[in-house]
Amino acid sequence: MDFLAGLNPQQREAVQHVEGPLLILAGAGSGKTRVITRRICHLIRGHDVYGPSVLAVTFTNKAAGEMRERVLHLLGGQTADAGPAVSTFHSFCVRLLRRDGASLHELRRGFTTQFQIYDADDQLALVKSIYKRLGLDEKFMQYRAALSRISHAKNHQQTPQDFYKAAADPKMARLAKLFDDYENGLQAANALDFDDLLLWAVRLLRHDAETRELWNRRLQFLMIDEYQDTNRSQYELMRLLASPPHNVAVVGDEDQSIYGWRGADINNILDFEKDFPEARVIRLEQNYRSTRTIIEAAGAVVARNKARKGKWLFTENEEGSPVCFFEAPDGEQEAMFIASTIEKHRRQDPAARVAVLYRTNFQSRQIEEALRRYQIGYLVVGGFSFYQRAEVKDALAYVRLLLNPDDGVSLMRVLNVPARGIGKTTVEQLESRAASNRVSLWRAIESACDERKLGARAEASLGAFRRLINELREDLPSLAPQEVLSEILERTGYRKMLESDTTPDSETRLGNLEELVSAAADAHDRGESLVDFLDTTALVADADALDETAPVSLLTMHNAKGLEFPVVFIAGMEEGLFPHSRSRESEEQLEEERRLCYVAMTRAQKRLYLSAARVRRRYGGSPPEPCIRSRFLDEVPSGLLEDLHEKPRPGSLDLYSERASVRESARRNTYTGATYNSVDHIKQFFAARQAADVPVRKTAPAPKPAPSPAAAKPKSAPARRTGLSAGAAVYHAKYGRGTILRKEGDGDDAKLVISFHGFGLKKLVAKFAQLKTES
DNA sequence: CGCTATTCATTTTTT
DNA sequence: ATGAATAGCG
């Protein structure tokens, strides 16, 4: 196999580079993924490099999985064992810490390699509990703001002590205390947050020479993708891993740096040549993705930025259609424009994938609504992931509690779920007991019970809870991950709680738990331990849920990084929304917004639509406010932009006037395709996960256990076609007679919106509702 | 204690 | 419009 076939001279040069530092400045769509995969193959085949001594770092798990597969495919037939290591920074660090992190207990009290990972939810819960203890509320500072201050500090190697010293006013002093308590809270629970994963990996490699040397021997070649979005910790990790002769290749594009707000330092890429004066620099400036019009339009926008190396992307692709701009009267009609135009494209070319990009997640609602009216199936990437659902997090919190009873956040989460009579007063007593004895909440429960310091009722419920957890803990070693979960769901009464719940979505939640159990079983089959499984659940990214085959995807511009679509819409081109109002204060932030605009525009291969609304309401019922069109629109050369509103060209489709008639019929229509949160969708999500990152394990894969009943996959019963469609009269055991108004979803998991006489509207899952049709 | 009804404030982007 | 925090009732 010739790994150089079909490459241009610059790409070829990059692929053939072997020793020493390499900086690849790769413009959008210039084939960098291709270059990375080919270079890995070239090293392995052409230079007899041992596969696992190559580490490639990507931005998402999904990208990692795809890259690994492509390499293995290109190498053809070679076993997966000899393939390169490909992962995200975060999963690499988790692996490193779990394998070799034991010595960190010398630096961090209570650290063991069984540490837990606190995700955003857990961090929030921790901060809330600290607020409560310190008698603070959100008027002091919003939880999220406090967390982002803490994260920023950690990314810049600042400690609570630095904060105390620098505190000029009482507010800063309190923030320092908050930060201090937050760090102590993590330490007490032996938990690491996302920032810590990187930070402590760096500390480990600094502190433990043996481990560092081990990894330096093991890793001969390092490649880092999206280098423009690395932060300080990631940079230091690179320095520690890339020992002389510095076989490190970084790939990036300063024009696509969009994560400055979370600590990414654009100087990492700008200064690479200073860090490694011997570095070879290769520019990939030919774009193979987009039409010339799109490239020129996007290039003109980003050219307004001052902080850049100045690279000019060119393409030999066809000129293509103009970039279209549509200004709708309001947000709803903007969404309807998008939906109707998508429909038009899908009629012309059903295979063309479409993406709708927006700045903020909340914008998806209106667009979803419009797509449903047009009966266009779609996929929302991001917003909420499967693993963030309350019931899934509850179940996982039990698991974590079993692994580590001192994990206060997990304990608080499940202490009274399902309700077992442990109320506010009891919890407060326990909290103050824990605080004054300087022990974890779990120890406080133990001592309070043993010393009989509680009322009879509280003592009974706490005692029962304590016994339950201890029993489950004893069983833990003998159970496979999926069995642990089923035991928890049974013995804590969690499943029962949902089964006796009559609200419509309790069925969905039960279904989600089934999926969770079967995901654990799949993980077990792949040889993963319970801890591996927890890691996976903590490290899945929104973007990992992306499905290439989805005809229409809705996602933020940030999540669109690295992706491409034939047809792209960018919604909400308004000042305050994009560029976002919070970014208007400084020139740097504005430039980052502009880069985001560049990223978004260059996702498009053939057609690019920009849209805005003349008025938009901030919240649900607030009055519509007038909008000013985004400055970025005016930065697109007018010759490349076609304004659909003002001059519907004779001969070209008049999108605006047709919209009104389609809209009328769309109003009556209901959505019947897949919804983003349907069971089908979650299955797809897991199917996609299979291909992604599989953590390295120390032990051999456990033998596949006899399938336990609880681990059996939910069987898909044949869809019932019993005339359950809009307009049908039905009978429900509890609510009596009703009429079906709408049907959402299809087959097994269809949801019905039914108007019951005397009960109003109810949303029920068809397969569980036990409806009888009335003739 | 647990549930429901109400008020209230809330929208950047995320590994 | 939606969700989270709180008050007030059973």
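Note that the coordinates shown come from a computational prediction; the quantities given were computed from them, not determined experimentally.
Nearest to the side chain of Tyr143(A), among dC1(B), dT12(B), dA5(C), sits dA5(C). Here the side chain of Gln142(A) is nearest to one of dT10(B), dA4(C), dT12(B), namely dT10(B). Of the listed nucleotides (dT2(C), dA5(C), dT14(B)), dA5(C) has the atom at the smallest distance from the side chain of Lys128(A). Side-chain atoms of His580(A) lie closest to dT12(B) of the nucleotides dT10(B), dT14(B), dT12(B). Looking at the side chain of Phe194(A), the nearest of the listed nucleotides dT13(B), dC1(B), dT15(B) is dT15(B).
For DNA chain B, the neighbouring residues in residues 415-432 of chain A, judged by any heavy atom under 4.0 Å, are Asn416(A), Ala419(A), Arg420(A), Gly421(A), Ile422(A), Gly423(A), Lys424(A), Thr425(A), Thr426(A).
In this model, no side-chain donor or acceptor of Arg582(A) finds a partner on the base of dT12(B) within 3.5 Å.
No engagement by Asp195(A) is indicated, since no non-hydrogen atom pair under 4.0 Å with the nucleic acid exists.
The stretch residues 125-155 of chain A participates, sequence neighbours left out, in these ring-ring contact (aromatic ring centres under 6.0 Å, His included) pairs: Tyr131(A)-Tyr143(A), His152(A)-His156(A).
Look at the P atom in both dA4(C) and dT13(B): the space between them is 15 Å, to the nearest Å.
The aromatic ring centroids of Phe59(A) and Tyr259(A) lie less than 6.0 Å from each other.
Between the CG atom of Leu577(A) and the P atom of dT12(B) there is a distance of 11 Å, given to the nearest Å. Atom C1' of nucleotide dA9(B) and atom CZ of Phe362(A) are separated by 15 Å, given to the nearest angstrom.
Contacts of Ala460(A) classified as side chain to side chain contact (heavy atoms under 4.5 Å, CB included), with partners at least two apart in sequence or in another chain: none.
The two residues Arg457(A) and Ser461(A) have their closest heavy-atom pair at O-OG, 2.8 Å.
Of the candidates Gln116(A), Lys393(A), Arg413(A), Lys393(A) is the only one forming a side chain to side chain contact (heavy atoms under 4.5 Å, CB included) with Asp122(A).
Geometrically, Arg98(A) engages Phe115(A) in a cation-pi contact defined by less than 6.0 Å to the ring centre and at most 45° from the axis.
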